[in-house]
Amino acid sequence: AQTVTQSQPEMSVQEAETVTLSCTYDTSESDYYLFWYKQPPSRQMILVIRQEAYKQQNATENRFSVNFQKAAKSFSLKISDSQLGDAAMYFCAYRDANTGNQFYFGTGTSLTVIP
Amino acid sequence: KAGVTQTPRYLIKTRGQQVTLSCSPISGHRSVSWYQQTPGQGLQFLFEYFSETQRNKGNFPGRFSGRQFSNSRSEMNVSTLELGDSALYLCASSFWTGTGGLYEQYFGPGTRLTVT
């Protein structure tokens, strides 16, 4: 079965600084998708960024970017110019491309932004 | 468009009882997935329904069941509740983007179930 590991239960960053959240995954599939979701204290899960495994170029969404290393099965999230509103739980998620809509999530990283 | 709605938002039940949770997906979304979120286990996939059929199922006991109606609304049922079933239950609705196997998934606010 696919597994997703987030080895940093908690992280903190100074406002305006950059922070990187780590994620590794295990799969025997070659075609899949990777995601980072954000869950603020209000509990509504929001998609932050998505990466297709067949794309070599790292995805970027404004201040959020990923470092996708397919051979190493690594998928880290970089948040630049951190803002107070970035404080949340961040979940890394994996989904096979060909087996329906089943997502595998990591256990999450709680990010604190220090003013 | 209205987002994913879940009812009720909070629920307190006693061990041994059963509970039904409801999820209304975003209009036009045919896929509905359910997840159990606990502090120790994170998010764990329960099942996915697509056009009224269960398409995927996670590793949960048979006490956890679900269904989907013709309007894509979904319910999940937990029978013979145990203390360990206390969790946040998240529903997510999805639509196919038209690109390969990629679906866009949107989550609801969740139902907080407490079993005493």
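Chain A is the first sequence line, chain B the second, and so forth, proteins listed ahead of strands; every chain is numbered from 1. Computed from a predicted model, the values in this text were never measured in an experiment. Heavy-atom basis, side chains included; hydrogens, waters and symmetry copies ignored.
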Mutual orientation of the aromatic rings belonging to A/Tyr25 and A/Phe68 [parallel < 30°, tilted 30-60°, perpendicular > 60°]: parallel
Of the backbone (N, CA, C, O) and the side chain (C-beta and beyond), which part of B/Gln37 lies under 4.5 Å from a heavy atom of chain A, both, or neither? side chain
Under-4.0 Å salt bridge between A/Glu61 and A/Arg50: no
So what's closer than 4.5 Å to chain B heavy atoms on A/Gln6: side chain, backbone, both or neither? neither
More than 12 non-hydrogen atoms from neighbouring residues, nucleotides or ligands closer than 6.0 Å to NZ on B/Lys57, yes or no? yes
Got a salt bridge between B/Arg63 and B/Asp85, using NZ or NE/NH1/NH2 to carboxylate O under 4.0 Å? yes
Which atoms of A/Phe91 approach chain B - backbone, side chain, both or neither, heavy atom under 4.5 Å: side chain
Which one of A/Met45, A/Gln39, A/Gln102 has the most heavy-atom pairs closer than 4.5 Å to chain B? A/Gln102
Can you tell which part of B/Tyr35 gets under 4.5 Å to a heavy atom of chain A, answering side chain, backbone, both or neither? side chain
Test of understanding: clusters of I, L, V, M, F, W, Y form through side-chain heavy atoms closer than 4.5 Å, transitively. Do B/Leu88 and A/Phe105 belong to the same one? yes
